[in-house]
Amino acid sequence: MAEKQHLYLVDGSAYIFRAYHRLPPLTNPEGTPVGAVYGYTTMLWKLAQDLDAADGPTHLAVVLDKSSHSFRNDIYDQYKANRPDPPEDLRPQFPLIRDATRAFSLPLVEEPDVEADDMIASYALAAQRAGWDVTIVSSDKDLMQLVSEKDGARIDMLDTMKDARIFIPEVEEKFGVPPHLLGDVLALMGDSVDNIPGIYGVGPKTASKLIAENGSLTAALDAAPDMKKSKLKERLLEGREMAELSRVLVKLRCDCPLPIAIDDMKLAGIPPEPLAQFLETHGFNSLLKRLEAGAGSPGRTTNLDPAKADMQGAPASAAGNAQPLPEMPPVDLSAYECVQTMERLEHWIARAADARLVAVDTETSALDAISADLAGISLALGPNDACYIPLGHGGSDMFADTPQQVDRDAAIQALKPLLESDAVLKIGQNIKYDINILARHGITVAPVDDTMIMSFDLDAGRSMDGIGGGHGMDELSERHLGHTTLKFKDVCGTGKKAIPFGEVPLDKATPYAAEDADVTWRLHAHLAYRMPGEGGVRIYQRVDRPLIPVVAHMEREGIKVDRAELARLSETFAKEIARLEGEIHADAGTSFTIGSPKQLGEVLFDTLGYKGGKKGKSGQYSTDQSVLERLANDGAPIANKVLEYRQLSKLKSTYTDALQEAINTRTGRVHTSYSLVGAQTGRLSSTDPNLQNIPIRTEIGRQIRKAFVPEDGNVLLAADYSQIELRLAAHMADVDTLTEAFAAGEDIHARTAREMYGEVTRDTRAQAKTINFAILYGISRWGLAGRLGVEADEAQAMIDTYFQRFPGIQKYIVRTLETVRERGYSETLFGRKTWFPRINSKNQAERQGSERAAINAPIQGTSADIIKRAMVRMLPALQEAGLGNVRMLLQVHDELVFELPQTDIAAASPVIERVMADAALPSVTLDVPLGIEIGTGASWDDAH
DNA sequence: GAAATCACG
DNA sequence: GACGTACGTGATTTCC
């Protein structure tokens with residue numbers, strides 16, 4: 001029997017309207033707007049690429065509206081009458097949609113006097129009659145009428161923007177009736193966009209209820225006279241005629257003549273040449289590169305990673321698309337405007353809306369986004385085309401005049417539509433900060449691009465000659481623009497004499513603030529230009545960019561800590577510290593600063609004369625934990641006391657004291673700040689305070705975790721990836737023994753012990769665990785020897801055994817190092833690069849250090865990618881499950897912490913588990929399952 | 001501001 | 001023949 005045919009019908013006209021509103025204002029090299037065309041092209045690409053997929057197309061055609069007039073206008077002259085003209089910069093894109101379709105060599109259907117919907121209906125039913133499956137690529141609710149299954153041939157829909165399949169249950173869920181009754185519902189409720197009247201006062205809810213109860217529109221209208229007296233009854237009686245007219249209007253014509261036979265819509269390989277030409281003409285360089293990389297057409301090539309078409313999360317940004325690099329004149333600080341009236345503000349807002357790409361920077365009174373006050377906002381629309389809008393300036397001198405400025409709340413109301421518009425891309429340097437500042441003024445800034453993160457995704461780990469390897473704006477400006485920015489300290493001063501930005505006079509504030517926005521705009525142009533050619537698009541668009549609002553939101557949530565509990569602990573610790581101090585001084589026979597490693601070393605090794613003091617390169621004795629533990633074993637009672645003293649001082653100063661200070665006075669919670677560019681591997685880092693290193697390993701430290709608590713009625717839920725890095729190592733090195741052990745849910749360290757030593761005892765398991773971790777970090781015989789307390793050759797023998805037992809691991813290490821040496825960077829499964837500029841260094845220590853980091857980076861980085869993907873999907877998944885009260889508070893590398901009502905635990909746990917376990921999909925299918933461990937409780941400690 | 005130490009994954 | 005030994009972070013303290 002022949003394979004089943006599957007026809008995809010693309011509703012091209014509807015798509016470009018949606019693409020237009022979701023995509024940034026890209027232009028081709030000639031300056032013609034092509035944002036929507038780009039979106040359309042990527043969609044076709046993705047569809048064509050699914051040619052060999054299980055449910056992919058065997059046949060494909062695009063259907064477009066030919067003219068604005070159709071037979072429906074003859075029936076009802078008001079049909080679609082109140083539709084506004086398409087936006088100015090969309091109009092030139094309509095003909096380009098045809099060009100794009102032809103470039104893919106796809107059949108195109110355009111018929112006069114009927115709408116695209118009618119042609120789609122006619123084709124869909126014809127194909128279904130022939131026994132084919134049909135997928136309509138659209139999200140138009142009218143087309144949902146066609147969803148059906150007949151003799152095993154199904155018609156379904158695909159919304160490529162939401163990546164959602166719509167079949168009968170989805171229609172029923174949305175409208176409360178099966179698809180064949182949908183036309184009746186639509187007729188009753190009407191449609192303001194198409195100007196279909198329906199019945200006045202009847203919306204989707206009432207309409208679907210009436211149809212569901214009566215079985216059809218006619219029956220519903222017939223039943224009206226018998227209804228008990230109500231507003232609805234009157235409306236049904238009065239509106240009968242309009243409803244019947246509407247029923248005709250929403251009915252799809254299924255009998256249009258078919259200009260192209262369905263058999264001729266066969267999707268074969270797509271000739272690359274016309275497509276390449278089209279992509280080149282419009283500057284779609286990222287797609288062009290892919291086409292070339294695939295050495296063929298999207299419909300045929302197997303080189304394309306499905307992840308690249310995995311459009312989850314982010315609306316497109318300018319980064320990664322066609323971006324010619326504009327000419328940029330030198331920065332001119334005198335070119336900036338200080339916006340002091342509503343008229344000028346409106347002018348800038350209008351221009352920004354027109355430009356559809358604006359660099360934004362907020363100036364505030366402090367560095368902490370959760371409590372800092374807004375001092376002003378700067379905007380940039382191009383090089384030297386920038387302004388500063390002071391909103392909270394006034395001298396500290398009470399007698400000085402407050403400078404003229406727009407009323408803050410009025411300005412915020414005026415800026416809100418711009419900053420929230422889907423059609424305007426907001427770019428910022430660390431825009432998470434600005435998002436959080438503006439969130440407190442009721443503005444949800446979106447969509448965004450972030451130059452700091454773009455830089456990180458291109459250049460993580462790279463150090464640039466003399467300029468440094470960071471991603472701060474001043475550094476980026478030096479590196480990419482050769483421009484030295486004004487420094488904050490030159491404007492606000494430094495140290496004690498520093499003044500808040502709101503007290504800086506406007507003639508000094510304006511050049512500083514506007515320059516930041518100008519430089520951000522310029523950096524964005526540079527980085528967006530580099531993105532596609534240097535492989536930054538995938539990780540930026542799929543992982544890091546969609547994460548920005550998610551992390552911003554977590555920071556705003558914060559977590560509650562029990563201040564009284566911390567204070568109690570501080571006091572207990574203080575007493576204990578004082579006692580130990582006395583004893584240590586007595587043991588030493590002298591009073592000294594225990595917290596000074598220098599003095600402590602001298603006391604231990606000179607005054608008291610203990611053996612084994614080793615000085616480092618600074619000429620100082622080492623007194624760290626391992627040294628003190630050794631001394632304690634050799635019978636030095638003072639050593640244990642110092643260790644205990646150290647532990648308590650650490651806990652008190654870093655945690656119990658500092659966390660009390662960190663409680664925000666406004667929210668009563670602790671708000672950390674996450675850096676998305678903090679760790680070279682792609683991990684997040686947490687500062688002010690660091691909530692990623694709260695004690696857990698010792699009993700006394702865990703008391704601090706007990707102070708992290710939910711609000712009354714809630715619980716904390718902690719969800720951990722179990723052994724994720726070892727699982728990823730097993731997958732990436734392709735070690736069957738380990739992947740099978742993980743699949744079987746075995747204790748992986750025990751399994752390693754069995755493989756290496758033939759038996760599992762407490763000892764061999766512990767050794768195997770150490771070796772497993774050593775592998776992840778790039779092993780050396782000395783390092784392992786030190787950890788295990790054995791000689792180096794014994795450690796070497798274990799390493800040899802390990803590699804013999806798991807040859808895949810050794811191959812992975814060799815392979816990874818080879819590619820890093822050759823290309824200069826490592827890569828995660830999701831395409832995140834980390835650069836190792838010293839991998840070929842002549843300095844052995846430097847080189848070996850880089851090698852160890854390079855072995856670890858793909859594993860640690862892939863783990864980071866996975867949890868980031870889980871975070872991006874988490875709240876939408878919970879929302880969809882009706883769990884809007886679940887709050888995601890913290891991320892600790894392989895753990896997510898949530899706060900939720902006690903009553904939601906049972907429903908939320910499986911959703912959280914599923915999102916985390918499936919986070920690699922669909923981009924990457926792992927050979928190992930990702931195990932998730934979930935706990936709940938009345939504190940963070942209890943949740944473990 | 002660097003160095004030493006130690007909290008976490 | 002010396003190097004200096006596990007990957008990735010951030011906060012605190014002391015001392016120069």
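Note on naming: letters A, B, ... go to the chains in the order of the sequence lines (proteins, then strands), and numbering restarts at 1 for each one.
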Between P on dG9(B) and CG on Leu726(A), what's the gap in Å once rounded to a whole number? 15 Å

Roughly, in whole Å, what's the span from CZ in Arg787(A) to P in dA6(C)? 6 Å

Name the nucleic acid region contacted by Ile694(A), choosing base, sugar-phosphate or nothing; use a 4.0 angstrom heavy-atom cut-off, strictly under. sugar-phosphate

Contact class for Thr623(A) (heavy atom, under 4.0 Å): base, sugar-phosphate, or nothing? sugar-phosphate

Give me the distance, rounded to whole Å, that separates dA2(B) from dA6(C) when you measure between the C1' atoms they each carry. 24 Å

From the candidates dT5(B), dA7(B), dA4(B), the one with an atom nearest any side-chain atom of Pro695(A) is dA7(B)

Salt bridge or not between Glu565(A) and Arg568(A)? Use side-chain N to carboxylate O under 4.0 Å. yes

Just wondering, do Ile700(A) and Glu576(A) contact through their side chains at under 4.5 Å, heavy atoms? no

Where DNA chain C forms runs of at least three Watson-Crick or G-U pairs (i with j, i+1 with j-1, under 3.5 Å), the stems are B:1-9 with C:7-15

Taken to the nearest whole Å, CD1/Ile594(A) to C1'/dT5(B) is 15 Å

Spacing of Ile799(A) atom CD1 relative to dA6(C) atom C1', expressed in whole Å: 11 Å

In terms of heavy-atom contacts, Ile932(A) and Ala917(A) come closest through CD1-N, 3.9 Å

Quick one: Gln844(A) CD to dT5(C) C1', roughly how many Å, whole number? 11 Å

Touch class at under 4.0 angstrom, heavy-atom based, for Ile696(A) against every strand present: sugar-phosphate

Indicate yes or no: does Asp634(A) engage Lys611(A) in a salt bridge with an N to O separation below 4.0 Å. no

Could you tell me whether Glu899(A) and Lys560(A) have a side-chain N and a carboxylate O separated by less than 4.0 Å? no

Got a salt bridge between Glu851(A) and Arg821(A), using NZ or NE/NH1/NH2 to carboxylate O under 4.0 Å? yes

Determine the Euclidean distance between corresponding P atoms of dT5(C) and dC6(B); express it in Å to zero decimal places. 15 Å

For His471(A) and Asp459(A), test the side chains for any donor-to-acceptor distance below 3.5 angstrom and give the result as yes or no. no

Report yes if the side chains of Lys868(A) and Phe830(A) come closer than 4.5 Å at any heavy-atom pair, otherwise no. no

A cation-pi test, strictly: NZ or CZ of Lys652(A) under 6.0 Å from the centre of the six-membered ring of Phe573(A) and no more than 45 degrees from its axis. Yes or no? no

Compare every heavy atom of Ser570(A) with every heavy atom of Gln660(A), then report the nearest pair and how far apart it is. NE2-OG, 3.7 Å

Expressed in whole Å, how much space separates the C1' atoms belonging to dT5(B) and dC3(C)? 23 Å

Encode nucleotides 7-16 of chain C as B, S and - characters from 5' to 3', where the letter depends on protein heavy atoms closer than 4.0 Å: B to the base, S only to sugar-phosphate, - to neither. BBSBBSSSSS

Interatomic distance, Glu699(A) CD vs dA7(B) P [rounded to whole Å]: 15 Å

Which residues, if any, of residues 928-944 of chain A bring a heavy atom under 4.0 Å of DNA chain C? none

Ignoring backbone atoms, establish whether Arg697(A) has a side-chain N or O less than 4.0 Å from OP1 or OP2 of dA7(B). no

For Arg832(A), run the side-chain hydrogen bond (donor to acceptor under 3.5 Å, both in side chains) check against Thr681(A), Asp544(A), Thr862(A) and tell me which one passes. Asp544(A)

Side chain of Arg646(A) only, heavy atoms from C-beta on: which candidate in dC6(B), dA7(B), dA6(C) is closest? dC6(B)

Between Glu555(A) and Tyr674(A), is there a donor-acceptor pair closer than 3.5 Å when you use the side chain of the first and the backbone of the second? yes

Find the distance Ile866(A):CD1 to dG9(B):C1' and express it as a whole number of Å. 15 Å

Euclidean distance, atom CZ of residue Arg705(A) to atom P of dA7(B) [Å, nearest integer]: 13 Å

